[in-house]
Amino acid sequence: MQTVDFAGITVDNVSLDEATAKVATFFSASEPKMIVTPNPEIIVASQQDEELKQIINSADLRVPDGISMVVVSKLLGRPIKERVSGIDLMLSLMDVCGKTGSKVFLLGGAPGVAQEAASKLVSRYQGLNIVGTYHGYFKNDGEAIDQIKVTKPDVLFVGLGAGQQERWLNRHLKEMNIHVSMVIGGSLDVISGRKKRAPQWIQALYIEWLYRLITEPGRWKRQLALPKFLYLTLFRHAQSNRASK
Ligand code: UDP
C-alpha cells in the first residue's frame with residue numbers, strides 16, 4: 001500500500017473502497033488489527049506527542065480524514081486519492097459486518113448515545129449483529145473491557161475523543177484480542193442523530209470546518225489546528241526544500 005507523509009504522520013493512500021477491502025483481509029489475520037483516521041488536528045497534536053505519533057504510525061490502516069490533506073497532498077505533488085472520513089469507513093464496515101455476520105461492539109459517547117446509534121444502524125444494515133454497547137465515560141478501563149470481552153465481538157468501534165481513543169486502544173488491543181478495532185471520534189453522536197454532519201454540498205465546497213465552527217463555536221480552539229497543519233506541511237516543506245538546494 002502506498003503511503004504519504006504529513007509532518008511525520010504516515011497515511012495510507014487508499015480510497016474508501018480500497019480501505020474497506022483491506023479491512024476485510026484483517027478478519028483472517030492472526031494478530032488484532034487497529035484502524036486510525038488521522039486528520040489535521042491529530043497531526044498537529046502529535047507534533048508534541050511522540051507516543052501518539054508512534055501509535056498512529058504503527059496502526060494497520062491509517063486513512064486520511066481531512067479534505068485539507070487531499071489539497072495539501074496535491075500541492076506537494078504526492079496526491080492522495082480521496083478523503084476517507086472515519087464515519088464513512090465505519091458505515092462501509094457496518095455493511096460488510098451485516099453481510100458476513102461479524103459481531104460488532106460500540107464503545108463511546110455519553111450514556112445512551114451508543115445504544116441509540118446501534119438501533120439506527122441495525123435498522124439500516126440488514127443482518128447487522130451489534131452484540132454490545134457501552135458509554136465512554138467509565139471510571140476505569142477494566143469496567144469497559146469487561147463489558148466488551150463478555151460479548152466476544154469481531155469488530156470494535158471506539159469513540160473516546162481524539163488522542164484518548166488511540167491511546168486506549170493501543171493499550172488494550174492485545175489483551176482484548178479482537179480481529180478489527182477502529183477509532184471513530186464523535187461518529188456515534190452523528191449516527192444516533194444527536195449531532196448533525198455538514199450537508200453534502202458544504203463538504204463538497206471544502207468548508208466543513210466552517211460549518212463546525214458555526215454549529216459548535218466552542219470548538220474554535222481545536223480549529224486552529226487547520227492553519228497550523230497548513231504551516232507544518234506547506235511552509236515547512238518549502239523551507240526544507242530551499243535548504244536542500
Ligand atoms: N468521549 C467519550 N469519553 C470521553 C471523552 C469523549 O466517550 O472521556 C466521546 C464524546 O462523547 C464524543 C466523542 O468522544 O462522542 C468524540 O468527540 P470529538 O469531539 O473528539 O470527536 P471528533 O470531533 O474528533 O470526531
Side-chain angles (χ1 to χ4, degrees), residues 1-27 33-46 53 56-99 121 124-125 155 157-159 162 165-166 180-191 195-213 222-223 225-234 237:
M1 220 163 15
Q2 199 202 359
T3 60
V4 176
D5 176 275
F6 291 92
I9 292 288
T10 310
V11 165
D12 295 298
N13 188 4
V14 283
S15 63
L16 176 61
D17 288 347
E18 288 166 345
T20 307
K22 180 78 193 167
V23 177
T25 69
F26 290 169
F27 287 92
K33 303 286 186 186
M34 175 166 166
I35 307 165
V36 293
T37 61
N39 62 8
E41 190 181 339
I42 203 145
I43 291 171
V44 169
S46 71
K53 190 184 269 185
I56 295 170
N57 283 340
S58 58
D60 303 285
L61 181 63
R62 302 143 296 186
V63 298
D65 187 359
I67 200 66
S68 53
M69 297 166 78
V70 178
V71 175
V72 162
S73 74
K74 282 187 182 149
L75 291 172
L76 296 180
R78 310 170 259 137
I80 52 174
K81 291 175 184 162
E82 62 183 6
R83 173 193 183 190
V84 181
S85 71
I87 190 165
D88 287 340
L89 180 56
M90 178 187 180
L91 296 177
S92 177
L93 295 179
M94 290 297 170
D95 190 45
V96 173
C97 290
K99 287 175 178 145
L121 289 167
R124 181 165 164 191
Y125 295 95
V155 187
F157 294 96
V158 181
Q165 56 194 7
E166 287 80 4
V180 180
S181 297
M182 176 180 174
V183 299
I184 53 167
S187 299
L188 294 175
D189 296 316
V190 175
I191 295 168
K195 269 193 190 169
K196 285 221 156 20
R197 194 179 178 190
Q200 276 296 332
W201 67 270
I202 286 188
Q203 291 181 43
L205 286 175
Y206 297 178
I207 52 168
E208 198 168 355
W209 59 273
L210 183 60
Y211 177 88
R212 292 199 85 171
L213 195 58
R222 291 179 64 174
Q223 299 250 351
L226 192 56
K228 284 186 194 154
F229 169 73
L230 297 177
Y231 168 80
L232 283 171
T233 48
L234 295 175
H237 177 83

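At distances below 3.5 Å, at least one donor-acceptor pair connects side-chain atoms of Arg62 with backbone N or O atoms of Asn57. With hydrogens and angles ignored, the 3.5 Å screen pairs a side-chain donor or acceptor of Glu82 with a backbone N or O of Leu16. Although no hydrogens or angles enter the test, the distance criterion places a donor-acceptor pair under 3.5 Å between the side chain of Gln223 and the main chain of Trp209. For the pair Gln203 (side chain) and Glu208 (backbone), a donor-acceptor distance under 3.5 Å is absent. Although no hydrogens or angles enter the test, the distance criterion places no donor-acceptor pair under 3.5 Å between the side chain of Asp12 and the main chain of Val63. A donor-acceptor pair under 3.5 Å is formed between the side chain of Asn13 and the backbone N or O of Lys81.
Heavy-atom minimum distance, Met34 versus Val36: CE-CG1, 3.8 Å. For the residue pair Ile43 and Phe6, the shortest heavy atom distance occurs at CG2-O, 3.6 Å. The two residues Gly86 and Thr37 have their closest heavy-atom pair at CA-CG2, 3.8 Å. For Arg222 against Glu41, the heavy-atom pair with the smallest separation is NE-OE2, 2.7 Å. Taking each heavy atom of Ile87 and Ser187 in turn, the nearest pair found is CB-OG, 3.6 Å. Across every non-hydrogen atom of Val72 and Phe229, the tightest pair is CG2-CE2, 3.9 Å.
Atom CG of residue Leu61 and atom CE of residue Met182 lie 8.0 Å apart, to the nearest 0.5 angstrom. Distance check: Asn39 CG to Ser85 OG gives 11.0 Å after rounding to the nearest 0.5 Å. Interatomic distance, Arg212 CZ to Lys195 NZ, rounded to the nearest 0.5 Å: 6.0 Å. Interatomic distance, Ile202 CD1 to Arg197 CZ, rounded to the nearest 0.5 Å: 12.0 Å. Note that CG of Asp65 and CD1 of Ile184 are 12.0 Å apart. Values are rounded to the nearest 0.5 Å.
A donor and an acceptor atom, one from each side chain of Thr20 and Ser92, are located under 3.5 Å apart.
Looking at residues two or more places apart in sequence or on another chain, you find a side-chain contact (heavy atoms from CB on, under 4.5 Å) between Asp17 and Ser15. Considering only residues two or more places apart in sequence or on other chains, Lys74 meets the side-chain contact (heavy atoms from CB on, under 4.5 Å) condition with Val70, Pro79.
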